[in-house]
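Please read these numbers as outputs of a predicted model, since none were measured by experiment.
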Protein chains: 2
Amino acid sequence: MSGAPVRVVLADDERMVRTALRVILDAEEGIEVVGEATTGAEAVSVVRELRPDVVLMDVRMPEIDGIRATEQILATLEDPPRIVVVTTFENDAYVYDALHAGAAGFLLKRAAAEELVQAVRLVACGDSLLYPAAVRTLAAEHAARQPAMAPAWVARLTDREADVLRLMAAGLTNAEIAGRLSVGPATAKTHVAAVLAKTGARDRTQAVIAAYESGFITPG
Amino acid sequence: MSGAPVRVVLADDERMVRTALRVILDAEEGIEVVGEATTGAEAVSVVRELRPDVVLMDVRMPEIDGIRATEQILATLEDPPRIVVVTTFENDAYVYDALHAGAAGFLLKRAAAEELVQAVRLVACGDSLLYPAAVRTLAAEHAARQPAMAPAWVARLTDREADVLRLMAAGLTNAEIAGRLSVGPATAKTHVAAVLAKTGARDRTQAVIAAYESGFITPG
DNA sequence: ATCCGCCTCCGCCGCGCGGGGGAGAACCCG
DNA sequence: CGGGTTCTCCCCCGCGCGGCGGAGGCGGAT
(Lines give C-alpha, C1' and ligand atoms only; values in the text may rest on other atoms or scores of the structure.)
Protein backbone atom coordinates (compact mmCIF):
# COMPACT_ATOMS: atom_id res chain seq x y z
CA MET A 1 0.00 0.00 0.00
CA SER A 2 2.75 2.47 0.91
CA GLY A 3 6.29 2.94 -0.31
CA ALA A 4 6.74 4.51 -3.73
CA PRO A 5 4.11 7.12 -4.58
CA VAL A 6 1.43 6.36 -7.14
CA ARG A 7 2.48 7.97 -10.41
CA VAL A 8 -0.45 9.44 -12.32
CA VAL A 9 -0.89 10.84 -15.83
CA LEU A 10 -3.84 13.09 -16.67
CA ALA A 11 -5.35 13.10 -20.16
CA ASP A 12 -7.97 15.73 -20.84
CA ASP A 13 -8.31 18.39 -23.46
CA GLU A 14 -9.66 20.96 -21.05
CA ARG A 15 -7.01 22.78 -19.11
CA MET A 16 -9.34 23.52 -16.24
CA VAL A 17 -10.11 19.89 -15.70
CA ARG A 18 -6.47 18.93 -15.73
CA THR A 19 -5.66 21.68 -13.28
CA ALA A 20 -8.44 20.66 -10.95
CA LEU A 21 -7.38 17.06 -10.99
CA ARG A 22 -3.75 17.99 -10.45
CA VAL A 23 -4.53 20.24 -7.50
CA ILE A 24 -6.58 17.57 -5.85
CA LEU A 25 -4.12 14.77 -6.41
CA ASP A 26 -0.94 16.67 -5.70
CA ALA A 27 -2.29 17.57 -2.30
CA GLU A 28 -2.46 13.89 -1.47
CA GLU A 29 0.24 11.97 0.26
CA GLY A 30 1.60 9.18 -1.89
CA ILE A 31 0.12 10.41 -5.16
CA GLU A 32 2.18 12.21 -7.74
CA VAL A 33 0.98 13.64 -11.04
CA VAL A 34 3.87 13.04 -13.38
CA GLY A 35 2.44 14.08 -16.72
CA GLU A 36 -0.45 15.45 -18.72
CA ALA A 37 -1.84 15.02 -22.20
CA THR A 38 -4.40 16.99 -24.15
CA THR A 39 -5.22 14.52 -26.89
CA GLY A 40 -5.63 10.79 -27.16
CA ALA A 41 -2.54 10.47 -29.29
CA GLU A 42 -0.51 12.49 -26.85
CA ALA A 43 -1.82 10.36 -24.01
CA VAL A 44 -0.51 7.25 -25.69
CA SER A 45 2.96 8.66 -26.20
CA VAL A 46 3.15 10.28 -22.78
CA VAL A 47 2.14 7.06 -21.10
CA ARG A 48 4.60 5.12 -23.19
CA GLU A 49 7.35 7.45 -22.06
CA LEU A 50 6.53 8.05 -18.42
CA ARG A 51 5.10 4.62 -17.53
CA PRO A 52 2.71 5.81 -14.82
CA ASP A 53 0.80 3.57 -12.47
CA VAL A 54 -2.57 5.17 -13.18
CA VAL A 55 -4.02 7.18 -16.07
CA LEU A 56 -7.06 9.40 -15.74
CA MET A 57 -8.42 9.42 -19.26
CA ASP A 58 -11.10 11.74 -20.59
CA VAL A 59 -13.45 10.22 -23.11
CA ARG A 60 -13.86 13.11 -25.49
CA MET A 61 -10.55 14.29 -26.85
CA PRO A 62 -9.27 15.50 -30.20
CA GLU A 63 -7.61 13.17 -32.70
CA ILE A 64 -8.11 9.98 -30.77
CA ASP A 65 -10.79 9.59 -28.15
CA GLY A 66 -10.08 8.20 -24.73
CA ILE A 67 -11.47 4.81 -25.58
CA ARG A 68 -9.15 4.17 -28.47
CA ALA A 69 -6.25 5.63 -26.54
CA THR A 70 -7.04 3.16 -23.77
CA GLU A 71 -7.13 0.30 -26.23
CA GLN A 72 -3.85 1.33 -27.77
CA ILE A 73 -2.12 1.69 -24.45
CA LEU A 74 -3.30 -1.65 -23.16
CA ALA A 75 -2.56 -3.37 -26.43
CA THR A 76 0.91 -2.03 -27.05
CA LEU A 77 2.48 -1.71 -23.62
CA GLU A 78 3.69 -4.47 -21.42
CA ASP A 79 2.70 -4.08 -17.82
CA PRO A 80 0.31 -1.27 -18.74
CA PRO A 81 -0.98 1.27 -16.24
CA ARG A 82 -4.43 1.08 -14.72
CA ILE A 83 -6.68 3.38 -16.68
CA VAL A 84 -9.63 5.20 -15.19
CA VAL A 85 -11.96 6.67 -17.77
CA VAL A 86 -13.45 10.02 -16.89
CA THR A 87 -16.89 10.90 -18.23
CA THR A 88 -19.21 13.81 -17.81
CA PHE A 89 -22.47 11.95 -17.88
CA GLU A 90 -23.11 8.70 -16.15
CA ASN A 91 -25.33 7.44 -18.89
CA ASP A 92 -22.65 8.08 -21.41
CA ALA A 93 -22.61 5.25 -23.89
CA TYR A 94 -18.86 5.36 -23.87
CA VAL A 95 -18.85 3.79 -20.45
CA TYR A 96 -19.51 0.42 -21.96
CA ASP A 97 -16.82 0.83 -24.52
CA ALA A 98 -14.47 1.96 -21.79
CA LEU A 99 -15.03 -1.20 -19.83
CA HIS A 100 -14.60 -3.30 -22.90
CA ALA A 101 -11.43 -1.50 -23.79
CA GLY A 102 -10.05 -2.68 -20.48
CA ALA A 103 -10.45 0.40 -18.34
CA ALA A 104 -10.00 -0.34 -14.65
CA GLY A 105 -12.79 1.99 -13.69
CA PHE A 106 -14.76 5.02 -14.60
CA LEU A 107 -15.33 8.26 -12.85
CA LEU A 108 -17.80 11.08 -13.18
CA LYS A 109 -16.40 14.56 -13.52
CA ARG A 110 -18.72 15.75 -10.84
CA ALA A 111 -17.30 13.23 -8.40
CA ALA A 112 -16.09 14.57 -5.08
CA ALA A 113 -12.39 15.10 -4.53
CA GLU A 114 -12.34 12.30 -1.98
CA GLU A 115 -13.82 9.90 -4.49
CA LEU A 116 -11.18 10.83 -6.99
CA VAL A 117 -8.39 10.20 -4.53
CA GLN A 118 -9.96 6.99 -3.39
CA ALA A 119 -10.28 5.87 -7.00
CA VAL A 120 -6.66 6.44 -7.75
CA ARG A 121 -5.51 4.61 -4.65
CA LEU A 122 -7.82 1.70 -5.26
CA VAL A 123 -6.98 1.04 -8.85
CA ALA A 124 -3.31 1.47 -8.07
CA CYS A 125 -3.61 -1.51 -5.74
CA GLY A 126 -4.90 -3.72 -8.53
CA ASP A 127 -8.35 -5.13 -8.90
CA SER A 128 -10.74 -3.49 -6.55
CA LEU A 129 -13.23 -5.69 -4.87
CA LEU A 130 -16.21 -3.66 -5.82
CA TYR A 131 -15.07 -4.17 -9.31
CA PRO A 132 -14.45 -7.86 -9.73
CA ALA A 133 -14.26 -9.81 -12.91
CA ALA A 134 -18.01 -10.02 -12.93
CA VAL A 135 -18.34 -6.43 -13.96
CA ARG A 136 -15.87 -7.06 -16.66
CA THR A 137 -17.94 -10.03 -17.71
CA LEU A 138 -20.96 -7.80 -17.77
CA ALA A 139 -19.14 -5.28 -19.88
CA ALA A 140 -17.65 -7.94 -22.07
CA GLU A 141 -21.04 -9.39 -22.71
CA HIS A 142 -22.32 -6.00 -23.60
CA ALA A 143 -19.35 -5.38 -25.81
CA ALA A 144 -19.57 -8.79 -27.41
CA ARG A 145 -22.76 -7.60 -28.93
CA GLN A 146 -21.17 -4.90 -30.94
CA PRO A 147 -17.59 -4.66 -31.99
CA ALA A 148 -16.38 -8.19 -31.94
CA MET A 149 -17.80 -11.16 -33.76
CA ALA A 150 -18.15 -9.02 -36.85
CA PRO A 151 -18.09 -11.50 -39.70
CA ALA A 152 -15.69 -10.82 -42.51
CA TRP A 153 -18.32 -9.17 -44.66
CA VAL A 154 -18.61 -6.17 -42.37
CA ALA A 155 -15.10 -5.05 -43.19
CA ARG A 156 -15.72 -5.55 -46.88
CA LEU A 157 -18.59 -3.09 -46.93
CA THR A 158 -17.72 0.26 -48.43
CA ASP A 159 -18.67 3.39 -46.51
CA ARG A 160 -21.61 3.98 -48.72
CA GLU A 161 -22.81 0.41 -48.44
CA ALA A 162 -22.57 0.64 -44.67
CA ASP A 163 -24.72 3.75 -44.77
CA VAL A 164 -27.23 1.94 -46.92
CA LEU A 165 -27.30 -1.06 -44.62
CA ARG A 166 -27.96 1.17 -41.64
CA LEU A 167 -30.90 2.73 -43.47
CA MET A 168 -32.13 -0.69 -44.53
CA ALA A 169 -32.00 -1.67 -40.89
CA ALA A 170 -34.07 1.39 -40.11
CA GLY A 171 -36.81 -0.03 -42.28
CA LEU A 172 -36.48 2.31 -45.23
CA THR A 173 -37.40 1.37 -48.80
CA ASN A 174 -34.99 1.81 -51.66
CA ALA A 175 -36.64 5.05 -52.68
CA GLU A 176 -36.45 6.39 -49.13
CA ILE A 177 -32.80 5.43 -48.87
CA ALA A 178 -32.15 7.26 -52.11
CA GLY A 179 -33.89 10.32 -50.77
CA ARG A 180 -32.02 10.19 -47.48
CA LEU A 181 -28.68 9.91 -49.24
CA SER A 182 -29.61 12.43 -51.93
CA VAL A 183 -28.89 10.04 -54.77
CA GLY A 184 -30.98 8.49 -57.49
CA PRO A 185 -33.14 5.45 -56.83
CA ALA A 186 -31.02 3.40 -59.17
CA THR A 187 -27.96 4.16 -57.09
CA ALA A 188 -29.67 3.11 -53.92
CA LYS A 189 -30.67 -0.10 -55.63
CA THR A 190 -27.11 -0.73 -56.68
CA HIS A 191 -25.83 -0.29 -53.15
CA VAL A 192 -28.57 -2.47 -51.75
CA ALA A 193 -27.66 -5.15 -54.24
CA ALA A 194 -24.03 -4.88 -53.18
CA VAL A 195 -25.00 -5.21 -49.55
CA LEU A 196 -27.09 -8.27 -50.30
CA ALA A 197 -24.22 -9.84 -52.20
CA LYS A 198 -21.65 -9.16 -49.49
CA THR A 199 -23.86 -10.25 -46.64
CA GLY A 200 -24.97 -13.32 -48.48
CA ALA A 201 -28.53 -12.25 -47.88
CA ARG A 202 -31.36 -13.20 -50.19
CA ASP A 203 -33.39 -10.10 -49.53
CA ARG A 204 -33.24 -6.94 -47.45
CA THR A 205 -34.86 -8.69 -44.51
CA GLN A 206 -32.05 -11.22 -44.27
CA ALA A 207 -29.55 -8.41 -44.63
CA VAL A 208 -31.08 -6.60 -41.66
CA ILE A 209 -31.01 -9.84 -39.68
CA ALA A 210 -27.34 -10.24 -40.53
CA ALA A 211 -26.75 -6.66 -39.40
CA TYR A 212 -28.30 -7.39 -36.04
CA GLU A 213 -26.70 -10.79 -35.56
CA SER A 214 -23.26 -9.50 -36.44
CA GLY A 215 -23.57 -6.57 -34.12
CA PHE A 216 -23.30 -4.18 -37.02
CA ILE A 217 -26.31 -2.53 -35.46
CA THR A 218 -27.74 -3.07 -32.02
CA PRO A 219 -31.23 -3.05 -30.62
CA GLY A 220 -31.96 -0.12 -28.37
CA MET B 1 -15.38 7.51 8.35
CA SER B 2 -14.97 6.79 12.09
CA GLY B 3 -17.27 7.23 15.07
CA ALA B 4 -20.10 4.78 15.42
CA PRO B 5 -19.25 1.26 14.27
CA VAL B 6 -20.69 -0.07 11.03
CA ARG B 7 -23.64 -2.28 11.91
CA VAL B 8 -23.89 -5.35 9.69
CA VAL B 9 -26.52 -8.02 9.16
CA LEU B 10 -25.63 -11.35 7.54
CA ALA B 11 -28.17 -13.23 5.45
CA ASP B 12 -27.16 -16.72 4.36
CA ASP B 13 -28.76 -20.09 4.74
CA GLU B 14 -25.46 -21.86 5.40
CA ARG B 15 -24.30 -21.66 8.95
CA MET B 16 -20.68 -22.05 8.01
CA VAL B 17 -20.77 -19.07 5.76
CA ARG B 18 -22.41 -16.92 8.36
CA THR B 19 -19.87 -18.00 10.94
CA ALA B 20 -16.98 -17.29 8.65
CA LEU B 21 -18.27 -13.86 7.81
CA ARG B 22 -18.95 -13.08 11.44
CA VAL B 23 -15.49 -14.15 12.54
CA ILE B 24 -13.85 -12.02 9.92
CA LEU B 25 -15.95 -8.95 10.50
CA ASP B 26 -16.09 -9.09 14.29
CA ALA B 27 -12.32 -9.06 14.37
CA GLU B 28 -12.37 -5.71 12.68
CA GLU B 29 -12.31 -2.41 14.44
CA GLY B 30 -15.40 -0.38 13.72
CA ILE B 31 -17.48 -3.21 12.32
CA GLU B 32 -20.15 -4.95 14.31
CA VAL B 33 -22.30 -7.85 13.20
CA VAL B 34 -25.64 -7.16 14.82
CA GLY B 35 -27.81 -9.86 13.32
CA GLU B 36 -28.19 -12.86 11.07
CA ALA B 37 -30.87 -14.32 8.87
CA THR B 38 -31.20 -17.71 7.19
CA THR B 39 -33.90 -16.97 4.67
CA GLY B 40 -34.88 -14.09 2.47
CA ALA B 41 -38.03 -13.47 4.43
CA GLU B 42 -36.15 -13.49 7.68
CA ALA B 43 -33.62 -11.10 6.21
CA VAL B 44 -36.34 -8.61 5.44
CA SER B 45 -37.79 -8.70 8.94
CA VAL B 46 -34.43 -8.69 10.67
CA VAL B 47 -33.29 -5.71 8.66
CA ARG B 48 -36.55 -3.94 9.33
CA GLU B 49 -36.04 -4.45 13.03
CA LEU B 50 -32.34 -3.87 13.47
CA ARG B 51 -31.81 -1.18 10.84
CA PRO B 52 -28.19 -2.06 10.04
CA ASP B 53 -25.89 0.03 7.88
CA VAL B 54 -24.87 -2.85 5.66
CA VAL B 55 -26.40 -6.19 4.70
CA LEU B 56 -24.44 -9.09 3.27
CA MET B 57 -27.07 -10.96 1.30
CA ASP B 58 -26.67 -14.40 -0.16
CA VAL B 59 -28.37 -14.98 -3.47
CA ARG B 60 -29.67 -18.50 -2.98
CA MET B 61 -31.86 -18.77 0.03
CA PRO B 62 -35.08 -20.57 0.93
CA GLU B 63 -38.50 -18.95 0.60
CA ILE B 64 -37.33 -15.69 -0.88
CA ASP B 65 -34.06 -15.38 -2.72
CA GLY B 66 -31.60 -12.63 -1.99
CA ILE B 67 -32.64 -10.62 -5.00
CA ARG B 68 -36.25 -10.31 -4.02
CA ALA B 69 -35.30 -9.73 -0.42
CA THR B 70 -33.09 -6.89 -1.61
CA GLU B 71 -35.91 -5.43 -3.64
CA GLN B 72 -38.32 -5.66 -0.74
CA ILE B 73 -35.93 -4.05 1.68
CA LEU B 74 -35.11 -1.19 -0.63
CA ALA B 75 -38.72 -0.70 -1.60
CA THR B 76 -40.29 -0.78 1.85
CA LEU B 77 -37.75 0.84 4.14
CA GLU B 78 -36.89 4.48 4.34
CA ASP B 79 -33.19 5.14 4.54
CA PRO B 80 -32.45 1.54 3.68
CA PRO B 81 -29.14 -0.16 4.40
CA ARG B 82 -26.51 -0.68 1.74
CA ILE B 83 -26.86 -4.23 0.48
CA VAL B 84 -23.95 -6.28 -0.79
CA VAL B 85 -25.02 -9.38 -2.67
CA VAL B 86 -22.87 -12.43 -2.12
CA THR B 87 -22.54 -14.94 -4.91
CA THR B 88 -20.56 -18.09 -5.43
CA PHE B 89 -19.79 -17.69 -9.09
CA GLU B 90 -18.86 -14.48 -10.72
CA ASN B 91 -20.67 -15.31 -13.89
CA ASP B 92 -23.81 -15.91 -11.95
CA ALA B 93 -26.71 -14.48 -13.85
CA TYR B 94 -28.10 -13.21 -10.59
CA VAL B 95 -25.40 -10.58 -10.53
CA TYR B 96 -27.27 -8.56 -13.06
CA ASP B 97 -30.52 -8.92 -11.22
CA ALA B 98 -28.75 -7.93 -8.04
CA LEU B 99 -27.51 -4.73 -9.57
CA HIS B 100 -30.87 -4.03 -11.02
CA ALA B 101 -32.51 -4.64 -7.69
CA GLY B 102 -30.39 -1.87 -6.29
CA ALA B 103 -27.62 -3.76 -4.55
CA ALA B 104 -24.72 -1.55 -3.62
CA GLY B 105 -22.20 -4.15 -4.59
CA PHE B 106 -21.53 -7.81 -5.02
CA LEU B 107 -18.96 -10.06 -3.56
CA LEU B 108 -17.64 -13.49 -4.37
CA LYS B 109 -17.66 -16.06 -1.63
CA ARG B 110 -14.09 -16.91 -2.40
CA ALA B 111 -13.06 -13.31 -1.83
CA ALA B 112 -10.25 -12.73 0.61
CA ALA B 113 -11.03 -11.59 4.12
CA GLU B 114 -9.47 -8.23 3.43
CA GLU B 115 -11.70 -7.72 0.43
CA LEU B 116 -14.72 -8.50 2.52
CA VAL B 117 -13.75 -5.97 5.16
CA GLN B 118 -12.91 -3.40 2.56
CA ALA B 119 -16.25 -3.96 0.88
CA VAL B 120 -18.19 -3.39 4.06
CA ARG B 121 -16.29 -0.24 4.89
CA LEU B 122 -16.67 1.15 1.40
CA VAL B 123 -20.36 0.64 0.96
CA ALA B 124 -20.96 1.94 4.47
CA CYS B 125 -19.49 5.25 3.33
CA GLY B 126 -22.13 5.61 0.67
CA ASP B 127 -21.78 5.35 -3.03
CA SER B 128 -18.37 4.16 -3.90
CA LEU B 129 -16.76 5.84 -6.80
CA LEU B 130 -15.94 2.68 -8.60
CA TYR B 131 -19.56 1.94 -8.50
CA PRO B 132 -21.51 4.96 -9.59
CA ALA B 133 -24.99 5.02 -10.93
CA ALA B 134 -23.55 4.22 -14.32
CA VAL B 135 -23.10 0.62 -13.34
CA ARG B 136 -26.68 0.58 -12.33
CA THR B 137 -27.55 1.93 -15.71
CA LEU B 138 -25.50 -0.80 -17.26
CA ALA B 139 -27.33 -3.41 -15.30
CA ALA B 140 -30.66 -1.81 -15.99
CA GLU B 141 -29.95 -1.83 -19.66
CA HIS B 142 -29.01 -5.46 -19.47
CA ALA B 143 -32.18 -6.25 -17.64
CA ALA B 144 -34.21 -4.19 -20.05
CA ARG B 145 -32.99 -6.23 -22.93
CA GLN B 146 -34.98 -9.29 -22.35
CA PRO B 147 -37.81 -9.38 -19.90
CA ALA B 148 -39.14 -5.87 -19.81
CA MET B 149 -39.60 -3.22 -22.46
CA ALA B 150 -41.85 -5.50 -24.46
CA PRO B 151 -44.15 -3.06 -26.23
CA ALA B 152 -47.83 -3.69 -25.98
CA TRP B 153 -48.05 -5.37 -29.35
CA VAL B 154 -46.01 -8.34 -28.22
CA ALA B 155 -48.72 -9.43 -25.85
CA ARG B 156 -51.34 -9.01 -28.52
CA LEU B 157 -49.72 -11.48 -30.86
CA THR B 158 -51.42 -14.84 -31.00
CA ASP B 159 -49.29 -17.95 -30.60
CA ARG B 160 -49.38 -18.59 -34.28
CA GLU B 161 -48.45 -15.03 -35.13
CA ALA B 162 -45.54 -15.21 -32.72
CA ASP B 163 -44.34 -18.35 -34.51
CA VAL B 164 -44.64 -16.58 -37.81
CA LEU B 165 -42.76 -13.53 -36.56
CA ARG B 166 -39.93 -15.75 -35.34
CA LEU B 167 -39.70 -17.35 -38.76
CA MET B 168 -39.87 -13.96 -40.42
CA ALA B 169 -36.99 -12.90 -38.21
CA ALA B 170 -35.14 -15.97 -39.39
CA GLY B 171 -35.30 -14.61 -42.90
CA LEU B 172 -37.87 -16.99 -44.34
CA THR B 173 -40.24 -16.11 -47.17
CA ASN B 174 -43.98 -16.57 -46.87
CA ALA B 175 -43.79 -19.85 -48.76
CA GLU B 176 -41.01 -21.13 -46.50
CA ILE B 177 -42.94 -20.13 -43.43
CA ALA B 178 -45.95 -22.02 -44.75
CA GLY B 179 -43.79 -25.07 -45.31
CA ARG B 180 -42.24 -24.89 -41.88
CA LEU B 181 -45.62 -24.59 -40.22
CA SER B 182 -47.23 -27.16 -42.52
CA VAL B 183 -49.97 -24.81 -43.62
CA GLY B 184 -50.97 -23.33 -46.94
CA PRO B 185 -49.19 -20.29 -48.36
CA ALA B 186 -52.34 -18.26 -48.03
CA THR B 187 -52.46 -18.97 -44.32
CA ALA B 188 -48.90 -17.88 -43.87
CA LYS B 189 -49.71 -14.69 -45.74
CA THR B 190 -52.65 -14.04 -43.45
CA HIS B 191 -50.52 -14.43 -40.34
CA VAL B 192 -47.81 -12.24 -41.77
CA ALA B 193 -50.38 -9.58 -42.54
CA ALA B 194 -51.65 -9.82 -38.97
CA VAL B 195 -48.12 -9.45 -37.63
CA LEU B 196 -47.54 -6.41 -39.81
CA ALA B 197 -50.77 -4.84 -38.59
CA LYS B 198 -50.06 -5.47 -34.92
CA THR B 199 -46.48 -4.34 -35.07
CA GLY B 200 -47.34 -1.30 -37.09
CA ALA B 201 -44.78 -2.39 -39.62
CA ARG B 202 -45.01 -1.48 -43.26
CA ASP B 203 -43.26 -4.60 -44.50
CA ARG B 204 -41.65 -7.73 -43.13
CA THR B 205 -38.33 -5.95 -42.72
CA GLN B 206 -39.79 -3.40 -40.35
CA ALA B 207 -41.51 -6.20 -38.49
CA VAL B 208 -38.20 -7.97 -37.98
CA ILE B 209 -36.65 -4.71 -36.80
CA ALA B 210 -39.48 -4.31 -34.32
CA ALA B 211 -38.88 -7.86 -33.14
CA TYR B 212 -35.25 -7.08 -32.43
CA GLU B 213 -35.84 -3.67 -30.91
CA SER B 214 -38.53 -4.93 -28.59
CA GLY B 215 -36.45 -7.83 -27.39
CA PHE B 216 -38.94 -10.27 -28.86
CA ILE B 217 -35.91 -11.92 -30.37
CA THR B 218 -32.30 -11.29 -29.47
CA PRO B 219 -29.13 -11.31 -31.51
CA GLY B 220 -26.77 -14.11 -30.71
C1' DA C 1 -77.38 -20.77 -27.95
C1' DT C 2 -74.84 -16.90 -29.35
C1' DC C 3 -70.98 -14.16 -30.04
C1' DC C 4 -66.17 -13.56 -30.58
C1' DG C 5 -61.34 -14.66 -31.37
C1' DC C 6 -58.24 -17.71 -33.66
C1' DC C 7 -56.72 -20.56 -37.42
C1' DT C 8 -57.32 -22.01 -41.87
C1' DC C 9 -57.77 -20.96 -46.83
C1' DC C 10 -59.23 -18.56 -51.47
C1' DG C 11 -59.15 -15.10 -55.19
C1' DC C 12 -57.36 -10.42 -57.39
C1' DC C 13 -54.25 -6.58 -58.02
C1' DG C 14 -50.41 -3.22 -57.94
C1' DC C 15 -45.83 -2.43 -56.85
C1' DG C 16 -41.57 -2.62 -54.63
C1' DC C 17 -38.01 -5.56 -54.87
C1' DG C 18 -34.15 -8.32 -56.55
C1' DG C 19 -31.34 -10.18 -60.71
C1' DG C 20 -29.11 -9.22 -64.95
C1' DG C 21 -26.51 -6.39 -67.80
C1' DG C 22 -23.96 -2.11 -69.07
C1' DA C 23 -21.73 2.56 -68.48
C1' DG C 24 -19.47 6.94 -67.20
C1' DA C 25 -16.71 9.77 -63.69
C1' DA C 26 -13.74 10.40 -59.83
C1' DC C 27 -10.09 8.77 -57.16
C1' DC C 28 -5.79 6.43 -55.52
C1' DC C 29 -1.84 3.87 -56.39
C1' DG C 30 1.86 1.61 -58.74
C1' DC D 1 0.05 6.60 -67.79
C1' DG D 2 -2.97 2.43 -66.88
C1' DG D 3 -5.62 -0.49 -63.45
C1' DG D 4 -8.42 -0.97 -59.51
C1' DT D 5 -11.98 0.69 -56.53
C1' DT D 6 -15.86 3.36 -55.51
C1' DC D 7 -19.90 5.94 -56.50
C1' DT D 8 -23.12 7.24 -59.67
C1' DC D 9 -26.93 5.99 -62.99
C1' DC D 10 -29.62 3.53 -66.75
C1' DC D 11 -32.37 -0.44 -69.05
C1' DC D 12 -35.55 -4.78 -68.80
C1' DC D 13 -37.72 -8.58 -66.51
C1' DG D 14 -39.94 -11.80 -63.18
C1' DC D 15 -41.86 -12.44 -58.87
C1' DG D 16 -42.51 -12.25 -54.08
C1' DC D 17 -44.83 -9.28 -51.37
C1' DG D 18 -48.44 -6.56 -49.22
C1' DG D 19 -53.48 -4.77 -49.45
C1' DC D 20 -58.09 -5.92 -50.39
C1' DG D 21 -62.29 -8.53 -49.50
C1' DG D 22 -64.44 -12.96 -48.47
C1' DA D 23 -65.25 -17.61 -46.24
C1' DG D 24 -65.57 -21.75 -43.27
C1' DG D 25 -64.55 -24.34 -38.85
C1' DC D 26 -63.61 -24.48 -34.03
C1' DG D 27 -63.24 -23.37 -29.33
C1' DG D 28 -64.21 -20.52 -25.24
C1' DA D 29 -66.94 -16.94 -22.96
C1' DT D 30 -71.47 -14.84 -21.92
Do any side-chain nitrogens or oxygens of [X] fall under 4.0 Å of OP1 or OP2 in [N]?
| X | N | result |
| --- | --- | --- |
| B:N174 | D:dC17 | yes |
| B:T187 | C:dC9 | yes |
| A:H191 | D:dT6 | no |
| B:R204 | D:dG18 | yes |
| A:R160 | D:dT8 | yes |

Just the rounded figure in Å: distance from [atom2] of [N] to [atom1] of [X].
| X | N | atom1 | atom2 | result |
| --- | --- | --- | --- | --- |
| B:D159 | C:dG5 | CG | C1' | 12 Å |
| B:L157 | C:dG5 | CG | P | 16 Å |
| B:M168 | D:dG16 | CE | C1' | 13 Å |
| B:R202 | D:dG19 | CZ | P | 10 Å |
| B:D203 | D:dG16 | CG | C1' | 13 Å |
| B:Q206 | C:dC17 | CD | P | 11 Å |
| A:K189 | C:dG16 | NZ | C1' | 8 Å |
| B:K198 | C:dG5 | NZ | P | 10 Å |

query: Will you find, in the side chains of B:T158 and B:E161, an N or O donor that is under 3.5 Å from an N or O acceptor?
result: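 Per modelled atom types, B:T158 and B:E161 side chains form a pair under 3.5 Å.
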message: For a quick check under 3.5 Å, do B:T76 and B:Q72 share a side-chain donor-acceptor pair by atom type?
response: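 Judged by distance alone, the side chains do not pair up.
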message: Using only modelled atom types and a 3.5 angstrom limit, is any donor from either the side chain of A:T173 or the base of C:dC17 paired with an acceptor on the other?
response: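 When only heavy-atom distances are counted, A:T173 does not reach the base of C:dC17 through any donor-acceptor pair under 3.5 Å.
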query: Ignoring hydrogens and angles, does a donor from either the side chain of A:T190 or the base of D:dC9 sit under 3.5 Å from an acceptor on the other?
result: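 By the distance-only test, yes, there is a pair.
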- prompt: What heavy-atom pair brings A:V9 and A:V47 nearest, and what distance separates the two atoms?
  reply: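 Taking A:V9 first and A:V47 second, the nearest heavy atoms are CG1-CG2, 4.3 Å.
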- request: Would you kindly compare A:A175 and B:E161 by the position of their nearest DNA chain C nucleotide and give the one closer to the 5′ end?
  value: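 Comparing both residues, the 5'-ward one is B:E161.
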- prompt: Is A:E32 salt-bridged to A:R22, going by a charged N under 4.0 Å from an acidic O?
  reply: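 Not counted as a salt bridge, because no side-chain N and carboxylate O are separated by less than 4.0 Å.
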query: Of B:L196, B:T190, B:V195, which is the lone residue that meets side chain to side chain contact (heavy atoms under 4.5 Å, CB included) with B:V192?
result: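 Exactly one pass, corresponding to B:L196.
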Side chain of A:T158 (C-beta onward), nearest among D:dC7, C:dG18, D:dC9: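 In terms of side-chain proximity for A:T158, the closest of D:dC7, C:dG18, D:dC9 is D:dC7.
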